[in-house]
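Everything on this sheet refers to the single structure shown next.
Values in this document were obtained by computation on a predicted structure and should not be read as measured data. Every chain is numbered from 1, with letters handed out A, B, ... down the list of sequences.
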2 protein chains.
Amino acid sequence: MPLPQTEMPGRLQAHFADRGIRMTQQRRAILRVMETTTKHLDAAQLLRKAQRLDASVDRSTVYRTLKLLKRHGLIDELDLMHIHGEGHYYERKLNRDHIHMACLRCGKIMEFVSDIFEKLKGQVEKDCRFRIVVSRLEIGGYCAACRGAE
Amino acid sequence: MPLPQTEMPGRLQAHFADRGIRMTQQRRAILRVMETTTKHLDAAQLLRKAQRLDASVDRSTVYRTLKLLKRHGLIDELDLMHIHGEGHYYERKLNRDHIHMACLRCGKIMEFVSDIFEKLKGQVEKDCRFRIVVSRLEIGGYCAACRGAE
DNA sequence: GTCTTAGATGCGACTCATTTGCAACTGGAA
DNA sequence: TTCCAGTTGCAAATGAGTCGCATCTAAGAC
Ligand SMILES: [Mn+2]
Ligand SMILES: [Mn+2]
Ligand SMILES: [Zn+2]
Ligand SMILES: [Zn+2]
């Protein structure tokens with residue numbers, strides 16, 4: 001089951017335009033980082049990368065924009081087992097949901113797309129009569145390379 | 001699929017005894033709270049409840065004990081979609097894993113046990129050759145009562 | 001029982017993540 | 001152009017969780 005590919009770039013900015021959400025210099029920088037990065041970024045990393053595109057971007061703007069993106073269902077917030085500190089990680093929400101696995105030994109983060117996961121969500125919606133808006137499956141354990149060594 | 005029942009009380013204390021982990025007044029109070037509560041508690045709630053059993057319990061001891069319980073795989077840490085603030089919630093790990101659903105409108109927390117979830121974890125272990133230690137599926141959305149009303 | 005000490009505790013100060021109030025700035029509609 | 005609601009930077013505040021250290025205590029050895 002392969003990794004989901006990045007959607008076409010500019011998608012986040014397009015969403016903002018469609019809904020008449022104001023586009024600013026700073027938001028453009030932040031959205032561009034979220035659109036082009038392949039990794040899971042925390043707020044501090046996102047700030048640093050965005051500042052490379054627009055040096056004026058402030059920490060509080062990053063947090064305010066993350067909140068906005070969350071409210072619009074455009075990004076997912078992850079803990080990744082809090083492998084480094086107490087903060088959160090962010091990633092664009094793609095067409096297809098995926099699972100996150102974090103290796104407790106080497107810290108590697110893996111992603112996995114599964115039909116069974118989709119079926120499970122369907123079961124929750126049906127059996128619990130629960131309308132799912134966001135779902136997060138995070139697994140901690142030992143990756144193939146680290147199994148054996150504790 | 002019914003809710004998992006609470007295991008026999010005293011189980012956490014027994015685990016400590018078995019492994020030769022020192023039992024203190026304060027730990028006894030904290031473990032008793034974790035063993036008997038039916039709700040998902042955050043650190044502050046756990047502190048207040050533990051202090052009712054032993055007034056000397058300090059906040060830092062609560063955090064230290066939570067860390068210990070986590071390290072031994074005896075409790076799970078949850079975000080519950082951060083419905084109230086940025087902190088974590090804790091619950092005893094029971095025989096059977098379960099999913100958490102949080103209603104984004106009324107704040108209700110629901111639990112759900114599913115064979116499909118077990119199958120999904122099996123798939124991850126097999127297909128990704130990943131040895132699962134801890135898994136957390138948290139879902140945000142609208143409960144049956146709140147659907148319709150946005 | 002008493003001694004002993006590794007390990008646990010309370011306390012206060014600290015770090016780190018995230019939020020907020022406010023005055024100044026700006027996107028974009030008219 | 002003008003205009004103003006929405007957005008920003010800044011600095012200060014909050015909140016969750018951690019840590020150093022002097023003191024205390026559980027529990028094994030005698
Ligand atoms: Mn968390
Ligand atoms: Mn991901
Ligand atoms: Zn690994
Ligand atoms: Zn509800």
Side-chain touch [X]/[Y], heavy atoms, less than 4.5 angstrom:
X	Y	answer
L53(B)	I30(B)	no
M101(A)	C143(A)	no
L74(A)	H15(A)	yes
I99(B)	L120(A)	yes

Counting distance only, does the side-chain N/O of R27(A) pair as donor-acceptor with the main-chain N or O of R22(A) below 3.5 Å? yes
Contact check, residues 69-88 of chain B vs DNA chain D, heavy-atom distance under 4.0 Å, returns G87(B), H88(B)
Under 30°, 30 to 60°, or over 60°: which ring-plane class applies to H88(B) and H82(A), parallel, tilted or perpendicular? perpendicular
If I take atom [atom1] in residue [X] and atom [atom2] in nucleotide [N], what distance separates them, rounded to the nearest angstrom?
X	N	atom1	atom2	result
M23(A)	dG6(D)	CE	P	16 Å
D42(B)	dA16(D)	CG	C1'	10 Å
Q25(A)	dG9(D)	CD	C1'	15 Å
L46(A)	dA17(C)	CG	C1'	14 Å
L66(A)	dT20(C)	CG	C1'	16 Å

Centroid-to-centroid, H98(A) to H100(A), below 6.0 Å? yes
[X] and [Y] ion-paired at < 4.0 Å:
X	Y	answer
R96(A)	D115(A)	yes
D76(A)	K70(A)	no
E35(B)	R32(B)	no

Tell me, for nucleotides 6-15 of chain C in 5' to 3' order, what letter each nucleotide earns: B for a base near a protein heavy atom under 4.0 Å, S for only sugar-phosphate near one, - for neither? BBSBBB-B--
Establish, with yes or no, whether the OP1 or OP2 oxygen of dT18(D) is under 4.0 angstrom from a side-chain nitrogen or oxygen of K67(B). yes
Y63(B) side chain near dG17(D) phosphate (N/O to OP1/OP2, under 4.0 Å): yes
Terminal axes of the helix from dG1(C)-dC30(D) to dA30(C)-dT1(D) (5 end pairs apiece), angle rounded to 10 degrees, sit apart by 40°
Quick check: is V124(B) connected to I116(A) through a chain of hydrophobic side chains (ILVMFWY, heavy atoms under 4.5 Å apart)? yes
